[in-house]
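Worksheet: the structure to be examined is printed underneath.
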Amino acid sequence: MHRRDLLTGLAALAPMTLASMTVAGRVWAAPKADARLLVVFLRGAYDAANVVIPIGSEFYYAARPTLAIARPDPAVATSAIALDRDWGLHPALRSTILPLWQKGQVAFVPFAGTDDVTRSHFETQDTIELGQDIKGTRDYRSGFMARLAATLTRVRPIAFTEQMPLAFQGGEAVPNIAINTVGKPGIDARQASLITSMYEGRPLAAAVQEGFRVRDDVFNAVTEHMMEASRGAVSPKGFELSARRIGRLMREQFNLGFVDVGGWDTHVNQGGATGYLADRLAELGRGLSGFAEEIGPQWTNTVVVVVSEFGRTFRENGNRGTDHGHGSVYWVLGGALKGGRIAGDQVAVDQPHLFQNRDYPVLTDYRALLAGLFQRLYGLDQAALHRVFAGVKGKDLGLV
């Protein structure tokens, strides 16, 4: 590794300090004590209509002859779980998300999304991560989470991703760690000491030293958890394992996080109550509930937002799957959430209310939803919110 490449990586690991949260000599709003936010991005556009199920809609059952989840029936384990008169939950989430719902710690926001109608995975993912007006010129060096971090003080951001996501582009250096592939550091203690001494007395000395410290802290936290799991505990898999690691790190070190989870592009053989999508949902549910358990007492100070770039076609296709759509259903979770409800504007789930006769419409813009959460979570005023989402008025759903 060249010295310049190494230095760049180490500087990216250095967490933000209070001083780095000043802009033009001014310190912006401080988050409320111990506030934590994790954004979970489901890349690939998950089929929201088979997760939060419109059980009151005859059109749903007509439009999905092989994929529809049966109406709630306590005697049938594969039927939908009633959330209210109109909506049900996929049975794969019975043991994980349902208990949080019953505690009022989960809310679902249907008909949510963006005004991007390209139905392109990459373009719409960029739209969400940048958080900019799609009518303007895109600035790929200005992600919405970077702008949020720059608006707050006492923030410790981290991306649990292999590469720095667009959401964190453009601000101060933020550590990004592929948490599911963390291994032994490639540089041992002796080499780290030598590299640190090379920069002693130079402007970048502090960044190099802090970068090694964060790397070692993360490695030790992950290694300790893996050892615990091998002592007779159930071995966590996939996202469940990663989410517990994330929970530990956000409990102890970080308070603003981003993680993405792939595998949601279900064009073929999607499955209904069982099958491919059901298996992915079970993993996601275990991960989110595991995160809530691992973060411990800080769960009451934490908000998790689960988003996806768009929904999927309301009608199933000829391959027993669904295609690229528009509106989706977002999840909001947290220990102090005012949840246990379906939040936001709604319309009847029928053919006349489909967007372009194929998809859920978008009634809650994702930027307005996030701005409303940020306003409550951090106590931001309108001017501060506009630094994160220019020209957007927050939509307060009364969740926090």
Side-chain angles (χ1 to χ4, degrees), residues 37-52 90 108-136 138-140 142-148 159-169 176 239 257-268 270 276-277 280-281 283-284 287-288 304-317 321-333 344 354-356 358-371 373 388-389 392 395:
L37 173 69
L38 176 66
V39 175
V40 180
F41 199 146
L42 306 183
R43 294 194 189 275
Y46 88 110
D47 181 28
N50 257 26
V51 178
V52 181
H90 194 288
F108 296 106
V109 184
F111 311 111
T114 80
D115 51 358
D116 189 323
V117 296
T118 63
R119 296 188 177 88
S120 161
H121 288 302
F122 301 122
E123 184 161 341
T124 314
Q125 287 175 19
D126 290 355
T127 294
I128 287 180
E129 291 191 69
L130 294 173
Q132 301 166 15
D133 188 339
I134 64 170
K135 299 181 181 66
R138 291 192 173 191
D139 180 359
Y140 283 88
S142 181
F144 84 86
M145 294 192 73
R147 297 194 299 273
L148 175 63
F160 299 99
T161 55
E162 186 172 353
Q163 297 181 348
M164 182 61 63
L166 273 180
F168 269 129
Q169 291 287 347
N176 69 287
F239 180 70
F258 176 96
V259 62
D260 46 14
V261 183
W264 304 98
D265 198 15
T266 52
H267 289 281
V268 179
Q270 174 179 304
Y276 178 84
L277 179 62
R280 303 292 79 74
L281 289 173
E283 293 168 357
L284 178 65
L288 292 170
V304 178
V305 183
V306 181
V307 305
S308 195
E309 62 262 38
F310 42 71
R312 305 194 71 81
T313 49
F314 193 76
R315 301 177 182 88
E316 65 179 74
N317 62 28
T322 50
D323 298 319
H324 298 179
H326 188 48
S328 185
V329 178
Y330 289 175
W331 310 15
V332 184
L333 307 89
L354 291 183
F355 175 74
Q356 297 181 348
R358 54 176 281 161
D359 313 315
Y360 271 161
V362 170
L363 306 180
T364 297
D365 178 78
Y366 83 106
R367 293 188 300 167
L369 171 62
L370 291 175
L373 291 172
V388 182
F389 295 121
V392 174
K395 189 168 187 174

Who are the side-chain hydrogen bond (donor to acceptor under 3.5 Å, both in side chains) partners of [X], not counting sequence neighbours?
| X | result |
| --- | --- |
| Q270 | D47, T266, T322 |
| T114 | none |
| N317 | D323 |
| Q356 | R119 |

For [X], what residues pass the salt bridge (charged side-chain N to carboxylate O under 4.0 Å, His left out) criterion, not counting sequence neighbours?
| X | result |
| --- | --- |
| R358 | none |
| D126 | none |
| D265 | R312 |
| R315 | none |

For residues 326-333, please give each side-chain donor-acceptor pair under 3.5 Å, one per line with the distance, not counting sequence neighbours.
unit_1, atom_1, unit_2, atom_2, d
Y330, OH, S308, O, 3.4
W331, NE1, Y46, OH, 3.0

Counterpart residues, ring pair (Phe, Tyr, Trp, His ring centres under 6.0 Å), relative to H267 (two or more places apart):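 So H267 forms a ring pair (Phe, Tyr, Trp, His ring centres under 6.0 Å) with H324.
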
I'd like to check the side chain to side chain contact (heavy atoms under 4.5 Å, CB included) partners of E316; sequence neighbours left out, ordered by chain and number.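 With neighbours one apart ignored, the set is R64, P65, T66, L67.
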
Could you tell me which residues satisfy side chain to side chain contact (heavy atoms under 4.5 Å, CB included) with S120, sequence neighbours excluded, listed by chain and number?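 If we apply the side chain to side chain contact (heavy atoms under 4.5 Å, CB included) test to S120, skipping adjacent residues, the hits are T118, F122, E123.
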
Min side-chain heavy-atom separation F355-V362 under 4.5 Å: no

